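The chains referred to below are lettered A, B, ... by the order of the sequence lines, with proteins before strands, and numbering in each begins at 1. Bear in mind the structure is a predicted one, so any value in this text is a computation, not a measurement.
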Amino acid sequence: MLQMGVQTTIEALKKAPVATVHYAKNIVLTDGTTPHYLINKLQKMCMPQSLDTNQTDFRNGGHAFKWHCNAYEVVFYDKMHDLAQAKKSSKRSIEKDNNIQLQLFEQLDKKRTKQKFELFRMEVRLNKRAKIKQLFTKLNIKVPLTFQKLFKPAISRKILLYYFDELQSRHAPLFELSTSMTDKSLLTQMIVHNPHLSANRIIQLFGLKRLHETMTIQELQQMFAHHNKRSLQRLLIDARRLVMPAQADSLDVIRKQVVKGKAVRM
DNA sequence: CCAATGCAAAATCGTCGGCT
DNA sequence: AGCCGACGATTTTGCATTGG
């Protein structure tokens, strides 16, 4: 900082007001799931249309999921891949300032040859002071917006969990079911667990489930852009409410580690 | 230039009423 | 009865204005 011509005291820094804050958590995957797999899952959620989930950034194709608007961003990415990119050029990575982390990367990379594991990272970037304020009010976090006070594991966890739950609550159990399930057994499950639904509705939801296996909700919405949006909207609501036998949620790995985790980065 | 404020635009979702 | 469009309440985003 001195090199940049900025002089200040530690105390002043601690109390400095903050306009942008990033909360993040590294998630270690040892059970064979890959970041790529999780990102695919994330892409398949039905996010609000107002948010730009254009994560198919070709530079990172399949290595990052970004949920973006002007005031904030929620990003998931393959940390090892990002560090590998950073090694080539800092312009290629999601995180711009991880030069310091390259040493760590070398170590981890060596370790990886012995024991296979993946590093997945979740980041919430609150880019506007107004957004920080609004979110903190909502989550009942009563803290002045200064460097020192924002830098708290408990807050980090709360924020990350909030956005993760936001994401997960939009996920329909229907969409978690295996693609290899036969038409017949899928249909049977849908009928048995949802006796209140009409035959028509069930067949509609069945079609939606199959379509969803090869396309994202966003693509689907785009295709019906010229129809009245309400019907598709209702179908998606029903999909979320559809009762299906409990299924292991592939994203729970993330949730578990966020709950117990405590890493913070500014 | 940055932050706060207010407002418009857009989106979500419950509900109502007409149509078949 | 169920499907579908319309309406409206509410929330969220984006932008311009104001005031430092």
Any chance you could lay out the side-chain hydrogen bond (donor to acceptor under 3.5 Å, both in side chains) test for A:Thr33 and A:Asp31, step after step, and finish with the verdict?
-> CA-CA 6 Å; A:Thr33 46; A:Asp31 60 348; 2.7 Å; yes
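Projected onto DNA chain C by closest heavy-atom contact, A:Arg201 and A:Arg230 fall at different nucleotides, the more 5' of which corresponds to A:Arg201.
Residue A:Ser231 has a polar side-chain atom (N or O) positioned under 4.0 Å from OP1 or OP2 of C:dG5. Distances shorter than 4.0 Å separate some side-chain N or O of A:Tyr72 from OP1 or OP2 on C:dT13.
Protein atom CD of A:Gln204 is 11 Å distant from nucleotide atom C1' of C:dC4, rounded to whole Å. The NZ atom of A:Lys229 sits 13 Å away from the P atom of C:dG5 (whole-angstrom rounding). Between the NE2 atom of A:His196 and the C1' atom of C:dG2 there is a distance of 14 Å, rounded to whole Å. Following rounding to the nearest Å, A:Gln221 (CD) and B:dA11 (P) show an atom-to-atom distance of 10 Å. What separates NE2 of A:His227 from P of C:dA6 is a distance of 14 Å, to the nearest Å. Distance A:Ile237 CD1 to C:dC4 P: 14 Å, rounded to the nearest Å. Rounded to an integer number of Å, the gap from CG of A:Leu232 to P of C:dC4 is 12 Å. Per the geometry, CZ belonging to A:Arg170 stands 10 Å off C1' belonging to B:dA11, to the nearest Å.
Shown here are the side chain to side chain donor-acceptor pair (under 3.5 Å) partners of A:Glu166, two or more places apart in sequence or in another chain: there are none.
Taking the six-membered ring for Trp and thresholds of 30 and 60 degrees, A:His227 and A:Phe224 have ring planes more than 60 degrees apart, a perpendicular arrangement. Between A:Trp67 and A:Tyr72, the two ring planes are perpendicular [angle over 60°; tilted spans 30° to 60°].
Taking every side-chain heavy atom of A:Cys69 into account, C:dT13 is the closest of B:dG14, C:dT13, B:dT12. Across C:dC3, B:dG14, C:dC15, the shortest atom-to-atom separation from the side chain of A:Asn70 is found for C:dC15.
For the segment residues 126-138 of chain A, residues with any heavy atom less than 4.0 angstrom from an atom of DNA chain C are, sorted by number, A:Lys131, A:Lys138.
At a cut-off of 3.5 angstrom, the base of B:dG14 holds no donor-acceptor pair with the side chain of A:Arg234.
Residues A:Gln257 and A:Asn26 bring no donor and acceptor atom of their side chains to less than 3.5 Å of each other.
Under a hydrophobic-cluster definition in which Ile, Leu, Val, Met, Phe, Trp and Tyr are linked whenever side-chain heavy atoms come within less than 4.5 Å, directly or via other members, A:Val259 and A:Leu38 are assigned to the same cluster.
Side-chain atoms of A:Lys158 come within 3.5 Å of backbone N or O of A:Leu139 as a donor-acceptor pair.
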